[in-house]
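Here's the structure, in structure tokens; my notes come after.
These figures come from a predicted structure and were not determined experimentally. Residue numbers start from 1 in every chain, and the chains themselves are labelled A, B, ... in the order their sequence lines are given, proteins ahead of strands.
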Number of protein chains: 4
Amino acid sequence: MAADKREHILATAEKLFGDNGFDGTSVRDIAQHANVNLAMISYYFGSKEKMLEALLEHRANYTILEALNKDESLTPWEKVDRVVDFYVDKIMNNLCIHNIMMQGSNSRSEVIKELVTKIKLRNFEQIKKIIIDGQKKKIFRKVDIELTVGTVMGTISQTTLARNFYAALFNIEKDNEEAYRKKITPKLKSHLKQLLHAHLDINSEE
Amino acid sequence: MAADKREHILATAEKLFGDNGFDGTSVRDIAQHANVNLAMISYYFGSKEKMLEALLEHRANYTILEALNKDESLTPWEKVDRVVDFYVDKIMNNLCIHNIMMQGSNSRSEVIKELVTKIKLRNFEQIKKIIIDGQKKKIFRKVDIELTVGTVMGTISQTTLARNFYAALFNIEKDNEEAYRKKITPKLKSHLKQLLHAHLDINSEE
Amino acid sequence: MAADKREHILATAEKLFGDNGFDGTSVRDIAQHANVNLAMISYYFGSKEKMLEALLEHRANYTILEALNKDESLTPWEKVDRVVDFYVDKIMNNLCIHNIMMQGSNSRSEVIKELVTKIKLRNFEQIKKIIIDGQKKKIFRKVDIELTVGTVMGTISQTTLARNFYAALFNIEKDNEEAYRKKITPKLKSHLKQLLHAHLDINSEE
Amino acid sequence: MAADKREHILATAEKLFGDNGFDGTSVRDIAQHANVNLAMISYYFGSKEKMLEALLEHRANYTILEALNKDESLTPWEKVDRVVDFYVDKIMNNLCIHNIMMQGSNSRSEVIKELVTKIKLRNFEQIKKIIIDGQKKKIFRKVDIELTVGTVMGTISQTTLARNFYAALFNIEKDNEEAYRKKITPKLKSHLKQLLHAHLDINSEE
DNA sequence: CATGAATGAGGGTTCATTCAT
DNA sequence: AATGAATGAACCCTCATTCAT
């Protein structure tokens, strides 16, 4: 089916863009890896850049965060933990698109830059709500919300952007993605939770 | 002088690589911006990639950290604060090379990847020493050292990689690097210090 | 109806070929402007070149000239004037196909070249007859018939091929086809008639 | 030498553009026929279109006309005859560039269109002067100067644009450029002179 | 009849690099 | 030391056409 093929191309592009960067990936690479005629990329997406846009919009569907926020049965602490779990899982299972978004900020295309910024802003707003809610309930203390979110995202990013570094640090064989994920995911979750608890807990002494 | 010209080319390349990425920058771009004959780049550096290597080695001279560690008059807390100040200043005044290093992890060149990993490891070791020292002195509690360093680096990275995002968040006009730096630097320093204190303080309740 | 659609495609192709040339017009352009599925062009005409052939044959139906020649009630001068009127009107109301025929002589396709030559020859024969008839009747003097016809066709062609030039000369706003036609048509007719009279009149002194 | 090579490329392009049209000629064709590396075209001219511009400007050096006009020892009739000789020789020895200019009016590039128009206007002005001078001296009668020039140019154009047609007419073997030139040139000159004399002579009866 | 999908060939251009001078 | 010229490979994209449905 046509939609399947489109999907397949996008998935292939995601992997390659994630590994080699946008400029480092040629349309020929994508066509070859996807076992698809070169002209199909233009046919389906119009251009290489339009394909990246499609990719970003396609993968940026983080509606779960919004659902999480609406769940009033959860305490702010539970929400924080779930956000950590969600993001870590999301990114660790989706290293590529995350890499792409990081690189995307450096794209020469204004369209891409704005798209990435838009996606980030949307996600940020959801986390911000959680923290503000916790502050209103006198559970979280006053912190720099923007940079706190930056800390969460940045810490996770490090493990994907500097993957080689961490693989070396933890003695994981290079290019074994599965092993890396298994080793890092629990460490990352527990580190972030511990970090955020210490950081946000209103009872923590400064 | 020849050395000056080499330097000038490297500085130009740094800016362009930082802004547009390695693949997004052509040797012609560099030659033109540096007002230098195209063939000079190959002449001086051998190849585009060799130039990136030269750039990384040239800029990665973080000997200050080692000096910091040897200063026994400072308490671990003071050292942590100084590391934060040092890194934030370093990166904020050197956005380009930092961007390049982040991208470098995704380079298709194994040489570059290893070089970047090596630089990161060297820096990491210094910070690790500080934390272990604090733990030995019963001032810092037990934390995941690797990821704690990742948090510091990642948080700072966020502000450079996702610069557009934070510029939008803080209402800073795009492309005004100076304004961005002035606004972010103090916020970043204080956020990281507060974060690390809560995270590392052995008296903090868990 | 199918015939209507074929006609519609041909009309669209005529306009585009006339404006942008054969090579400068893509089948996609035609399909899009004609609001017709891309594959229909091949379906109806077999190929792009076959479509041009169809176009030429379809538009080259200059039977009127033959009728004119058979009308024995007209003097050679009247016939000349009518030929001028006929051709000027024909070409001025049909700039596109005329452009196409001019370009067609430069086509890489032998089929097209021969088709264009054939059409031109057929028209030429009719005019030749008129001139010879006038000469036989001692009304026209001896002239180079081939080049005299070339002068008529060439003069008219100039006003379509070098339209921009003449528009500039006569202060007609570019792209206003209607204004151009209105301005040029009467000037062209009267110029050609005057020219031919002086040229052909046996009483004219050399 | 570099200038020679540039010249050689231009000459090759002129032939191919003249034969197959601008769109009908690929940069690869030119490179191959000129025995030159493909990238040289961009290297020397920047782009295919820029090359056409260079070609037009390079060939449009009709300064002789201006010299002719300044020669006060010639009568208007002599000037007219010389213009005819000049143009016929010029075009017959330079079929390609003339074809190109004709096609250029239909170019999709505004730059090219304007360049062609500019060249034509410059040439037109010179001929116009001759005719007006003859009219002032009561030698030429009142005619439509613009279209008279159009007649001269158009008649000559016909013999190049409709070359196949005239070759068929005069029984000249196709693709024998030399034979065509030899046959047509004198006929064309004498036809045009006769035509213009009859057209312009103030003593000619209307 | 009609169409969306697909294809291989070729389009113009730019790349990093090297060579002769 | 320095450079203009040159190169072959690769870039993204569009072409006219065909095919299965």
Side-chain angles (χ1 to χ4, degrees), chain A residues 1-6 9 22-32 34-52, chain B residues 1-3 5-6 9 22-31 36-52, chain C residues 1-2 5-6 22-32 35-52, chain D residues 1-6 9 22-32 34-52:
Chain A
M1 229 193 306
D4 286 358
K5 193 172 240 178
R6 216 187 104 105
I9 295 174
F22 180 76
D23 288 313
T25 305
S26 75
V27 177
R28 270 174 181 75
D29 287 341
I30 299 170
Q32 191 175 330
N35 238 356
V36 152
N37 185 283
L38 172 65
M40 290 311 299
I41 272 87
S42 289
Y43 181 74
Y44 274 125
F45 303 98
S47 73
K48 190 188 178 188
E49 191 180 308
K50 289 267 181 64
M51 182 171 55
L52 177 54
Chain B
M1 232 191 306
K5 196 172 241 180
R6 219 185 103 103
I9 295 174
F22 180 76
D23 288 312
T25 305
S26 77
V27 178
R28 266 176 182 74
D29 287 340
I30 299 170
V36 152
N37 184 280
L38 172 62
M40 289 308 301
I41 272 92
S42 292
Y43 182 76
Y44 272 129
F45 302 98
S47 75
K48 190 187 179 189
E49 194 181 303
K50 291 267 180 61
M51 181 169 57
L52 177 53
Chain C
M1 233 190 305
K5 195 173 244 180
R6 219 186 102 103
F22 181 75
D23 288 312
T25 306
S26 75
V27 178
R28 268 175 180 75
D29 286 341
I30 300 169
Q32 190 177 330
N35 241 354
V36 153
N37 182 282
L38 172 63
M40 290 308 301
I41 272 93
S42 291
Y43 182 77
Y44 273 128
F45 301 97
S47 74
K48 189 186 177 187
E49 193 181 304
K50 290 266 181 62
M51 182 170 57
L52 176 55
Chain D
M1 229 193 306
D4 286 359
K5 192 172 240 177
R6 216 187 105 105
I9 295 175
F22 180 75
D23 287 313
T25 305
S26 76
V27 177
R28 274 173 178 77
D29 286 341
I30 299 169
Q32 191 176 330
N35 238 357
V36 150
N37 185 282
L38 171 64
M40 290 310 299
I41 272 88
S42 289
Y43 181 75
Y44 274 125
F45 303 99
S47 73
K48 189 188 179 188
E49 192 181 305
K50 290 266 181 63
M51 181 170 56
L52 176 53

(message) To the nearest 0.5 Å, what is the distance between CD1 on I9(A) and CG on D4(A)?
(response) 11.0 Å
(request) Would you give the length of the straight line joining atom OG of S47(A) to atom NZ of K50(A), rounded to the nearest 0.5 angstrom? (result) 5.0 Å
(message) For L38(B) versus A31(B), what's the shortest heavy-atom pair and its separation?
(response) CA-CB, 3.7 Å
(request) Could you tell me the separation between the CZ atom of F45(D) and the C1' atom of dA6(F), rounded to a whole number of Å? (result) 14 Å
(request) Compare every heavy atom of M51(C) with every heavy atom of I30(C), then report the nearest pair and how far apart it is. (result) CD1-CE, 3.3 Å
(message) I need the minimum non-hydrogen distance between T25(C) and K48(C), along with the two atoms involved.
(response) O-NZ, 2.7 Å
(message) If a pair means Watson-Crick or G-U wobble with both distances below 3.5 Å, what does DNA chain E look like in dot-bracket form, with | marking bases paired to a different strand?
(response) .||||||||||||||||||||
(message) Expressed as a whole number of angstroms, how long is the span from Y44(D):OH to dT13(E):P?
(response) 17 Å
(message) Can you tell me if N37(D) touches the phosphate of dG8(F), counting only side-chain N or O atoms and a distance under 4.0 Å to OP1 or OP2?
(response) yes
(message) Between C1' on dC12(F) and CE on M40(A), what's the gap in Å once rounded to a whole number?
(response) 16 Å
(message) Distance check needed: dA10(F) C1' versus D23(B) CG, whole Å only.
(response) 13 Å
Please list, for nucleotides 17-21 of chain E, all pairs of protein and nucleotide N/O atoms separated by less than 3.5 Å.
unit_1: dT17(E); atom_1: OP2; unit_2: K48(B); atom_2: N; d: 2.7

(request) Output, in order, the C-alpha distance, side-chain angles, deciding distance and verdict of side chain to side chain contact (heavy atoms under 4.5 Å, CB included) for F45(B) and R6(B). (result) CA-CA 9 Å; F45(B) 302 98; R6(B) 219 185 103 103; 3.7 Å; yes
(request) Verify, without hydrogens or angle tests, whether K5(C) (side chain) and V36(C) (backbone) share a donor-acceptor contact under 3.5 angstrom. (result) no
(message) Rounded to whole Å, how long is the line connecting atom NZ of K5(C) with atom C1' of dT3(E)?
(response) 10 Å
(request) Round to a whole Å and report the spacing from CD1 of I30(D) to P of dG11(E). (result) 11 Å
(message) Using whole Å, what does the distance between atom C1' of nucleotide dC1(E) and atom CZ of R6(C) come to?
(response) 15 Å
(request) Calculate, to the nearest 0.5 Å, the distance between atoms CG and CZ belonging to D23(D) and F22(C) respectively. (result) 11.0 Å
(message) Rounding to an integer number of Å, can you tell me how far L52(D) CG sits from dT13(E) P?
(response) 12 Å
(request) Using the closest heavy atom to pick a nucleotide of DNA chain F for each, name whichever of S26(C) or V36(B) lands nearer the 5' end. (result) V36(B)
